[in-house]
Amino acid sequence: MKTNLLRLRTPEGVVFSQILAGPVLRFCAWFVDGMAIMTLLSLCGMVISLLGLLNMDFAGAVYALLYFVISIGYGLALEWFLRGQTFGKKLFRLRVVDAEGLKLQFHQIAIRNLLRFVDTLPLLYLVGGTSCWISRKNQRLGDIAANTIVIRLPKIAEPDLEQLLAGRYNSLRQYPHLEARLRHRTEAAEASLALQALLRRDDFDPSARLELFTELARHFRAKVTFPAESTDGISDEQFVRNVVDILFRSRLASQRLSAAVSGLARAF
């Protein structure tokens, strides 16, 4: 049975849910990206038209080459550097991720973008759109070949990080180089999962709460190994809280800075 909610389990055993993006929303994002590509091609065409004054055949060959590079390279480059998003996807809060919950690889992005020409046949993404409608995971052919899915990132009310993170000593902060490594290796979905677990910890039964934080702690310990003296004597739940503190502390500092700037602006 087809559903818009997909549950993924990471190799570490952490289970989380993703909201699949439907064909209509994906088409809207593609339309925005198509307009951006056409704008780039138009600008290139204006420059290449000057070459046409010298040699029309050469200008045509250059334009054909640029058409291929821009139409393929646009999605390939942006999805790699923006971690699964293009301008259209960012506008509609969509993201390309690995279908098994693993880290998105460059070859997956390359495959799904190279097969885009097939999905657009015969026009207006008819092949890709049909594949999305009948696929259980809303995948076009490029997604099936690359083992990727497109998810929707819902708007979530900002939690009170000050209240959640303040008041306890974080032993992991003694190792700033390991903090930076942890931030670099943690995906946004993983950070959000840990944060939501802390926010809802009182809603779980004691046994489920213990199991959840045991799995989360094991997951994050596998990413970065902190010295034993920084983790000995703390519970798995406290370890996860320390991890969340590291992952979201920069956001909290930004909130404080923004509040301070607003206060100064009002004062003047």
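Hydrogens, waters and symmetry mates are skipped; everything else that's a heavy atom, side chains included, is used.
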Looking only at heavy atoms, what is the nearest atom pair of [X] and [Y], with distance?
| X | Y | value |
| --- | --- | --- |
| Leu94 | Ala21 | CD2-CB, 3.6 Å |
| Gly142 | Asp119 | N-OD2, 3.0 Å |
| Lys89 | Ala29 | N-CB, 3.9 Å |
| Val240 | Leu198 | O-CD1, 4.3 Å |
| Ala194 | Phe220 | CB-CE1, 3.8 Å |
| Ile48 | Ala59 | CG2-O, 3.3 Å |

Closer than 3.5 angstrom, by distance alone: can the side chain of [X] be matched with the main-chain N or O of [Y] as a donor-acceptor pair?
| X | Y | answer |
| --- | --- | --- |
| Thr186 | Arg183 | no |
| Asn170 | Asp245 | no |
| Ser131 | Val127 | no |
| Arg95 | Gly84 | no |
| Glu79 | Thr86 | no |
| Gln174 | Ser171 | yes |

[Y] and [X], any side-chain heavy atoms less than 4.5 Å apart:
| X | Y | value |
| --- | --- | --- |
| Tyr125 | Arg116 | yes |
| Thr148 | Gln139 | no |
| Asn138 | Val150 | no |
| Tyr63 | Leu41 | yes |
| Phe58 | Val62 | yes |
| Glu215 | Arg218 | yes |
| Asp236 | Leu216 | no |

Margin query: With side-chain contact (heavy atoms from CB on, under 4.5 Å) as the criterion, how do Leu178 and Thr225 come out once you've worked through the C-alpha distance, each side chain's angles and the decisive distance to 0.1 Å?
Written below: CA-CA 8 Å; Leu178 295 179; Thr225 302; over 6 Å; no
If you round to the nearest 0.5 Å, how far is [atom2] of [Y] from [atom1] of [X]?
| X | Y | atom1 | atom2 | answer |
| --- | --- | --- | --- | --- |
| Arg201 | Leu212 | CZ | CG | 11.5 Å |
| His107 | Leu114 | NE2 | CG | 12.5 Å |
| Gln238 | Phe213 | CD | CZ | 10.5 Å |
| Asn147 | Arg112 | CG | CZ | 11.5 Å |
| Met56 | Ser49 | CE | OG | 9.0 Å |
| Met46 | Ser42 | CE | OG | 8.5 Å |

Counting only heavy atoms not in [X], do more than 12 fall under 6.0 Å of its [atom1]?
| X | atom1 | value |
| --- | --- | --- |
| Tyr67 | OH | no |
| Arg185 | CZ | yes |
| Phe117 | CZ | yes |

Do [X] and [Y] belong together in a cluster built from hydrophobic side chains that touch within less than 4.5 Å?
| X | Y | result |
| --- | --- | --- |
| Val244 | Leu182 | yes |
| Ile151 | Leu25 | no |
| Leu193 | Leu210 | no |
| Tyr175 | Val224 | yes |
| Tyr74 | Leu76 | no |

Notebook entry, point to check: Do the charged groups of Arg241 and Glu237 touch, with an N to O distance under 4.0 Å?
Noted result: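 Answer for the salt bridge query: no.
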Notebook entry, point to check: salt bridge (charged side-chain N to carboxylate O under 4.0 Å, His left out) between Asp143 and Arg26: does it pass, once the steps are laid out?
Noted result: CA-CA 13 Å; Asp143 288 317; Arg26 292 182 62 172; 2.7 Å; yes
Next item on the list: May I ask you to decide if the ring planes of Phe27 and Trp30 are parallel, tilted or perpendicular, using 30° and 60° as cut-offs?
Entry: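 Tilted.
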Notebook entry, point to check: Could you go step by step and tell me if Glu179 and Arg173 meet the salt bridge (charged side-chain N to carboxylate O under 4.0 Å, His left out) rule?
Noted result: CA-CA 7 Å; Glu179 285 186 78; Arg173 286 201 163 276; 2.6 Å; yes
Next item on the list: List the steps, then state whether side-chain contact (heavy atoms from CB on, under 4.5 Å) holds for Asp98 with Gln105.
Entry: CA-CA 8 Å; Asp98 180 87; Gln105 301 295 323; over 6 Å; no
Next item on the list: Evaluate side-chain contact (heavy atoms from CB on, under 4.5 Å) for Leu91 paired with Phe87, printing each intermediate quantity in order.
Entry: CA-CA 6 Å; Leu91 179 63; Phe87 295 134; over 6 Å; no
Check: Going through the checks in order, is the side-chain contact (heavy atoms from CB on, under 4.5 Å) test met by Arg83 and Leu104?
Finding: CA-CA 8 Å; Arg83 299 174 62 188; Leu104 189 64; over 6 Å; no
